[in-house]
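Some notes on the structure that comes next.
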Amino acid sequence: HARAEARGGIRVFAPRMAAERETRLLLHAALREALAEGTVSIAYQPIHDLRQNRPTGYEALLRWTHPQRGTVAPAEFIPIAEETGLILPLGAWVLRRACADAASWPASVKVSVNLSPVQFVGGEVARVVREALEAAGLPPQRLELEVTESTLLQQNEAVLASLRELRAMGVRLALDDFGTGYASLGYLRAFPFDKIKIDQSFVRDAVERPDCLAIVRSVAGLAAELGMTATAEGVEGPEHLAMVRGAGCAEAQGYHLGRPLPLAEIAALAAR
Ligand code: C2E
Ligand code: MG
Ligand code: MG
Ligand code: MG
């Protein structure tokens, strides 16, 4: 029938959309259960200070192993957690866990935690952070929070108020994945971050592409002039390390310097 033909594309497409929706619902339920049962975990990746040649901090990265599917990447489950609101308890758990873990590290070692834009809705984020710090007995100066440009996308006064509240507590603030958003320079003007993390896509290409090298070098220079730390992400080999050093980055992070590892392996490193 002609109408059905005309909607052929929809008929072909609909079952796949339904299947995707079902997968997301199942993943959401399983993730909620994993959080309740304590089977989500954190991997810590070192952030190297390039002058001191040692890790001065570790980034907390969520890890989840699904009982049947195996490892599920944050890129897959974080968006689901954001859509369903599960990111609120999940994000609060990461904050509490990471602060408690970091409290046992040497005082010169910081911990970085990623915050979702969704955690800024409702204006509760500073309270959640304060409670995590207090429960762990971690000085605020040892916590760094990473936000992406999407957090600042609305130029929302409430978001800026939360960032100022966190700053006033003494927590450090980093702009993550810098360069992948829409109006990066505007965000630097809107809020004085302590750190800019240059996205790994620039770092990876800068070894071979002069234009990307120019971007990395310029962002490092811009950060220095603004009194911010420039951290290069995605340093995968010695050639990347040499490049980001030469470009003037103060810190670097990537597989070449250390992969994300479970706490037990990090604690051994940090204690050395
Ligand atoms: P991100 O915050 O930019 O974290 C860096 C990501 O790059 C991590 O991926 C890390 O494993 C990966 N990475 C580090 N070094 C290298 C390298 O040399 N090469 C390559 N190719 N990749 C490298 P991961 O753990 O899969 O996390 C992906 C993203 O998921 C994170 O990006 C962050 O946006 C988000 N995420 C992870 N944990 C959390 C969390 O607790 N809360 C929130 N809201 N987001 C999180
Ligand atoms: Mg990050
Ligand atoms: Mg990043
Ligand atoms: Mg990223």
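Reckoned from all heavy atoms, side chains included, excluding hydrogens, waters and symmetry mates. Remember, it's 1-based here, ligands and their atoms both numbered in the order they're listed. Source: prediction; values computed, not measured.
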Contact (N/O only, under 3.5 Å) between Asn114 and ligand 1: yes

Arg130 side chain near Glu165 side chain, heavy-atom distance below 4.5 Å: yes

Donor + acceptor pair across side chains of Asp101, Tyr58 (<3.5 Å): no

Proximity of Lys197 to ligand 1 by residue part, where a heavy atom lies under 4.0 Å: neither

Gln253 touching ligand 1 at heavy-atom level, < 4.0 angstrom: no

Polar contact flag for His256 and ligand 1 (N/O pairs, less than 3.5 Å): no

Atoms in ligand 1 flagged as close to Val94, the criterion being non-hydrogen separation under 4.0 Å: 41 (O)

Side-chain ion pair, Lys195 and Glu146, N-O less than 4.0 Å: no

Part of Leu90 within contact of ligand 1 (heavy atoms, under 4.0 Å): neither

Given Leu95, Thr151, Ile87, the one that forms side chain to side chain contact (heavy atoms under 4.5 Å, CB included) with Leu115: Leu95

Euclidean distance, Gln253 CD relative to Ile198 CD1, rounded to 0.5 Å: 12.0 Å

N or O pair under 3.5 Å between Leu62 and ligand 1: yes

Heteroatom test (N, O or S) for Glu146 near the Mg ion (ligand 2), limit 2.8 Å: yes

Interfacing atoms of ligand 1 (cut-off 4.0 Å, heavy-atom, Pro260): 11 (O)

The Mg ion (ligand 2) reached by Glu59 (N, O or S, under 2.8 Å): yes

Side-chain touch Lys110/Gln141, heavy atoms, less than 4.5 angstrom: no

Polar side chain donor-acceptor pair, Ser112 to Glu59, under 3.5 angstrom: no

Where the Mg ion (ligand 2) is the vertex, angle from Asp176 OD2 to Asn114 OD1 to 10°: 90°

Contacting atoms of ligand 1, where contact means under 4.0 angstrom from a heavy atom of Gly234: 17 (C), 18 (O)

Heavy atom of Arg259, distance to ligand 1 below 4.0 Å: no

Heavy-atom side-chain contact between Val235 and His48 under 4.5 Å: no

Glu131/Arg127 ion pair, N-O < 4.0 Å: yes

Atoms of ligand 1 close to Pro74 [distance to a heavy atom under 4.0 angstrom, numbered from 1]: 24 (P), 25 (O), 26 (O), 27 (O), 30 (O), 37 (C)

Any N, O or S atom of Asp199 closer than 2.8 Å to the Mg ion (ligand 3): no

Side chain to side chain contact (heavy atoms under 4.5 Å, CB included) assessment of Phe178 paired with Thr148: CA-CA 8 Å; Phe178 186 77; Thr148 55; over 6 Å; no

Heteroatom N/O/S of Thr148 within less than 2.8 Å of the Mg ion (ligand 2): no

Whether His240 lies under 4.0 Å from ligand 1, heavy atom: no

Short N-O contact, Glu157 and Arg164, less than 4.0 angstrom: yes

Proximity of Arg204 to ligand 1 by residue part, where a heavy atom lies under 4.0 Å: side chain

Side-chain heavy-atom pair Met243, Val216 within 4.5 angstrom cut-off: yes

Ligand 1 to Gln119 polar contact by distance, N or O atoms, under 3.5 Å: no

Asp177 contact mode with ligand 1 (heavy-atom cut-off under 4.0 Å): side chain

Ligand-residue contact atoms, ligand 1 with Ser116, heavy atoms, under 4.0 Å: 44 (N)

The Mg ion (ligand 3) reached by Glu233 (N, O or S, under 2.8 Å): yes

